Amino acid sequence: MPIPIDSDVTRNDDGTTDHEPHMRRALALAREAAARGDEPFGSVLVRDDTEIMAESNRINTADDIRRHPELHLAYRACRELSPEDRADAVMYTSTEPCPMCAGGMVRAGFDSVVYSVGGDEIEAFTGSPAATRATDILDGVTDVVGPVLNEAGRGVHREYDW
């Protein structure tokens with residue numbers, strides 16, 4: 001079921017936001033990352049219902065622990081977009097951002113982030129304790145919406161050999 005937010009994105013007949021097309025793209029990027037040998041995370045940045053940037057996890061193939069898609073999109077957005085454009089942008093991400101990525105998103109100042117799999121759910125896949133939730137870090141800066149297409153997102157993590 002779509003979740004209403006204030007962003008200027010595709011609306012359903014009932015006025016709610018249709019997050020699914022952009023979330024499906026983020027999940028496809030997560031699968032591409034896993035197939036390439038990276039961890040299964042993917043994100044797209046959307047403005048006016050148009051994808052303007054996309055990234056997938058590259059921590060292994062780039063040999064760079066900072067190459068989480070959310071953090072790299074925040075970095076790119078700060079370099080390539082005005083603060084006003086970033087404030088109108090929505091990040092769709094396969095998994096709720098980790099604390100490092102959420103910190104970068106505070107600086108970027110996106111309108112909202114929409115995730116598929118919650119940070120609280122990752123523990124079951126990775127065996128690592130759940131980290132601080134993105135909502136705690138982004139509170140008052142960026143709206144956090146999710147889960148959206150949760151079963152599909154969980155499927156991406158089930159397919160990955162954690």
Side-chain angles (χ1 to χ4, degrees), residues 1-33 36 38-119 122 131-150 152-153 156:
M1 178 173 150
I3 301 167
I5 62 173
D6 293 332
S7 301
D8 184 21
V9 296
T10 303
R11 303 282 178 186
N12 294 313
D13 292 339
D14 63 359
T16 58
T17 302
D18 185 3
H19 296 298
E20 292 185 7
H22 299 301
M23 186 58 71
R24 288 187 197 291
R25 171 79 167 117
L27 294 173
L29 288 165
R31 281 192 178 88
E32 288 175 17
R36 181 177 58 240
D38 289 300
E39 292 180 350
F41 303 107
S43 305
V44 294
L45 195 60
V46 173
R47 187 167 182 269
D48 297 327
D49 202 30
T50 300
E51 179 182 313
I52 58 173
M53 295 180 188
E55 292 286 342
S56 59
N57 185 284
R58 293 186 183 275
I59 63 169
N60 295 328
T61 56
D63 193 26
D64 185 344
I65 62 170
R66 301 168 300 168
R67 286 302 300 268
H68 292 204
E70 304 93 338
L71 184 62
H72 202 65
L73 281 178
Y75 165 78
R76 286 183 56 203
C78 286
R79 293 180 58 96
E80 299 172 29
L81 302 174
S82 70
E84 296 79 19
D85 287 345
R86 294 192 312 265
D88 288 338
V90 178
M91 181 182 291
Y92 287 86
T93 188
S94 60
T95 306
E96 183 178 0
C98 72
M100 176 181 70
C101 294
M105 293 171 68
V106 166
R107 174 72 171 98
F110 299 130
D111 175 66
S112 56
V113 59
V114 181
Y115 67 86
S116 177
V117 177
I122 292 300
T132 302
R133 299 291 302 268
T135 49
D136 296 333
I137 296 167
L138 294 168
D139 187 40
V141 177
T142 299
D143 292 333
V144 179
V145 179
V148 171
L149 293 178
N150 184 252
V156 171

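The structure presented is a predicted model; accordingly, all values stated were derived computationally and were not measured. This chain uses plain numbering: 1 for the first residue, then up along the sequence.
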As an exercise, state the distance from [atom1] of [X] to [atom2] of [Y], rounded to the nearest 0.5 Å.
X: Arg36; Y: Asn60; atom1: CZ; atom2: CG; value: 9.5 Å
X: His72; Y: Leu45; atom1: NE2; atom2: CG; value: 12.5 Å
X: Thr50; Y: Asp48; atom1: OG1; atom2: CG; value: 6.5 Å
X: Phe110; Y: Glu70; atom1: CZ; atom2: CD; value: 10.0 Å
X: Leu71; Y: Asp64; atom1: CG; atom2: CG; value: 9.0 Å

Checking [X] side chain against [Y] main chain: does a donor-acceptor pair fall under 3.5 Å?
X: Asp143; Y: Val145; value: no
X: Ser112; Y: Thr142; value: no
X: Arg86; Y: Ala108; value: yes

| task | Under the side chain to side chain contact (heavy atoms under 4.5 Å, CB included) rule, collect the residues that match up with Ala152, sequence neighbours excluded. | result |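 For Ala152, the residues satisfying side chain to side chain contact (heavy atoms under 4.5 Å, CB included) (neighbours in sequence not counted) are Leu27, Leu149.
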| query | Can you list the residues that meet the side chain to side chain contact (heavy atoms under 4.5 Å, CB included) rule with Ser82, with sequence neighbours excluded? | reply |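 Partners of Ser82 by the side chain to side chain contact (heavy atoms under 4.5 Å, CB included) criterion, ordered by chain and then number, come out as Glu84, Asp85.
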| query | Using 30° and 60° as the class limits, which term best fits the ring planes of His22 and Tyr92: parallel, tilted or perpendicular? | reply |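 His22 and Tyr92: tilted rings.
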Give every donor-acceptor pair under 3.5 Å between a side-chain atom in residues 95-106 and any protein atom, sequence neighbours left out.
unit_1, atom_1, unit_2, atom_2, d
Thr95, OG1, His157, NE2, 2.9
Glu96, OE1, Gly119, N, 2.7
Glu96, OE1, Arg133, NE, 2.8
Glu96, OE1, Arg133, NH2, 2.7
Glu96, OE2, Arg133, NE, 3.1
Glu96, OE2, Ala134, N, 3.0

| message | Any non-hydrogen side-chain atom of Ser56 less than 4.5 Å from a side-chain atom of Phe41? | response |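 Not touching, per the 4.5 Å side-chain cut-off.
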| query | Which pair of heavy atoms, one from Ala30 and one from Val156, lies closest together, and at what distance? | reply |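 The pair with the smallest heavy-atom distance is CB-CG1, 3.9 Å.
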| field | Sequence neighbours excluded - salt bridge (Lys or Arg N to Asp or Glu O under 4.0 Å) pairs with any residue from residues 21-30 | value |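 Sorted pair list: Glu20-Arg24, Arg25-Glu51.
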| For Ser43, what residues pass the side chain to side chain donor-acceptor pair (under 3.5 Å) criterion, not counting sequence neighbours? |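 If we apply the side chain to side chain donor-acceptor pair (under 3.5 Å) test to Ser43, skipping adjacent residues, the hits are Thr93.
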| request: Applying side chain to side chain donor-acceptor pair (under 3.5 Å), name anything that partners Arg107, two or more places apart in sequence or on another chain. | output: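 With neighbours one apart ignored, the set is empty.
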| task | Give a yes or no on whether a salt bridge exists between Asp38 and Arg58, defined as a side-chain N under 4.0 angstrom from a carboxylate O. | result |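 Salt bridge between Asp38 and Arg58, a charged N being under 4.0 Å from a carboxylate O: no.
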